[in-house]
Amino acid sequence: MKILIIEDEPKTGDYLKQGLTESGFVTELAVNGVDGLHLALTGDFDLLVLDVMLPGLSGWQVLERLRQSGKEMPVLFLTARDEVEDRVHGLELGADDYLVKPFAFSELLARVRTLLRRGKSALEASVLRAADLELDLMRRRVTRAGSRIELTAKEFALLELLLRRQGEVLPRSMIASQVWDMNFDSDTNVIEVAIRRLRAKVDDPFEPKLIRTARGMGYVLEVPDHP
Ligand code: CA
């Protein structure tokens with residue numbers, strides 16, 4: 001298990017690095033936001049321990065860019081300010097847990113272990129994939145080639161259905177009833193418009209194309225054998 005620590009105070013940074021290393025983790029320490037973000041984006045870490053007050057980029061900015069890039073590693077942030085607002089802000093930005101300084105190392109270790117356990121079991125079970133397209137049910141996030149894609153609630157539901165039934169041609173009537181809760185006789189143009197918008201986001205800028213129209217029948221999502 002690899003942990004990245006981003007902390008500018010030498011005492012705290014060394015203390016964390018030493019403690020986590022002694023607890024059996026592989027650790028790396030960055031002492032400012034810019035280096036930390038670079039490592040987080042390029043390295044293969046299982047967890048990030050992130051200080052909020054950092055030179056270069058703040059912990060918030062690091063977290064925001066990390067999540068925008070589609071990186072899903074759990075983040076535990078460290079804040080010196082015991083303010084509710086601060087904590088809410090961190091969790092809204094996609095942090096998974098926080099600790100208020102000063103903290104006991106045993107408490108940090110307990111949080112780290114919980115996050116790593118949760119990360120493995122929950123994430124793996126809730127991610128649907130096709131080629132480099134990923135839909136994360138728990139976090140309600142879609143990424144392709146590692147980049148985050150913003151979908152409306154209906155587009156998300158439509159993509160989820162297509163991914164769950166990967167390789168099957170789904171008739172428009174079936175999509176209408178499952179995603180829109182409406183009958184086939186209703187306005188089926190809605191489905192065509194939604195498919196077009198979904199394609200524009202998840203297929204047009206990428207290769208291979210995954211959503212195919214089965215003429216006169218419906219739609220299918222599948223990874224082509226020969227693109
Ligand atoms: Ca600091």
Side-chain angles (χ1 to χ4, degrees), residues 1-124 126-127 134 136 138-143 145-150:
M1 288 281 178
K2 250 177 106 178
I3 299 180
L4 174 62
I5 304 155
I6 310 180
E7 167 64 82
D8 61 313
E9 290 155 276
K11 247 178 80 180
T12 314
D14 291 343
Y15 167 70
L16 286 172
K17 186 167 168 53
Q18 194 189 340
L20 288 169
T21 304
E22 282 170 4
S23 307
F25 296 101
V26 177
T27 57
E28 222 167 310
L29 174 65
V31 297
N32 64 63
V34 178
D35 292 347
L37 178 64
H38 178 73
L39 277 172
L41 289 173
T42 55
D44 191 17
F45 295 96
D46 299 291
L47 184 123
L48 171 59
V49 177
L50 178 65
D51 185 32
V52 173
M53 301 292 283
L54 288 169
L57 286 171
S58 74
W60 300 146
Q61 289 170 310
V62 171
L63 180 56
E64 207 170 1
R65 291 186 199 181
L66 195 65
R67 292 312 190 210
Q68 277 167 359
S69 79
K71 277 272 180 181
E72 301 288 351
M73 76 181 81
V75 173
L76 170 67
F77 72 89
L78 309 175
T79 174
R81 294 166 292 174
D82 185 12
E83 287 172 8
V84 176
E85 242 174 69
D86 217 34
R87 285 178 254 158
V88 170
H89 187 53
L91 297 172
E92 274 174 359
L93 283 176
D96 301 271
D97 204 354
Y98 65 90
L99 268 179
V100 177
K101 290 179 182 177
F103 51 84
F105 184 76
S106 57
E107 193 180 0
L108 176 107
L109 190 58
R111 304 280 180 102
V112 162
R113 288 194 167 133
T114 304
L115 285 174
L116 286 172
R117 254 199 319 272
R118 203 202 289 167
K120 285 290 166 220
S121 51
L123 285 177
E124 277 170 19
S126 65
V127 177
E134 290 191 0
D136 187 326
M138 279 220 332
R139 294 175 185 254
R140 312 294 296 172
R141 277 187 192 152
V142 173
T143 60
S147 305
R148 181 98 177 255
I149 296 171
E150 295 294 339

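Atoms within each ligand, like the ligands themselves, are counted from 1 in listed order. Heavy-atom basis, side chains included; hydrogens, waters and symmetry copies ignored.
- The side-chain contact (heavy atoms from CB on, under 4.5 Å) test with Leu16 is passed by exactly one of Leu29, Leu78, Thr27, Thr21: Leu78.
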Carefully, step by step, assess Ile6 and Asp51 under the rule side chain to side chain contact (heavy atoms under 4.5 Å, CB included). CA-CA 6 Å; Ile6 310 180; Asp51 185 32; 5.9 Å; no
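- Every residue two or more places apart in sequence or in another chain was checked for a side chain to side chain donor-acceptor pair (under 3.5 Å) with Gln68, and none qualifies.
- Counting only protein N, O or S atoms, the number found under 3.0 Å from the Ca ion (ligand 1) is 3.
- Counting all heavy atoms, side chain and backbone alike, Phe45 lies closest to Ile3 at CD2-C, 3.7 Å.
- Looking at Asp96 and Arg67, a side-chain N of the basic residue comes within less than 4.0 Å of a carboxylate O on the acidic one, giving a salt bridge.
- By the 30° and 60° cut-offs, the orientation of the rings of Phe103 relative to Tyr15 is tilted.
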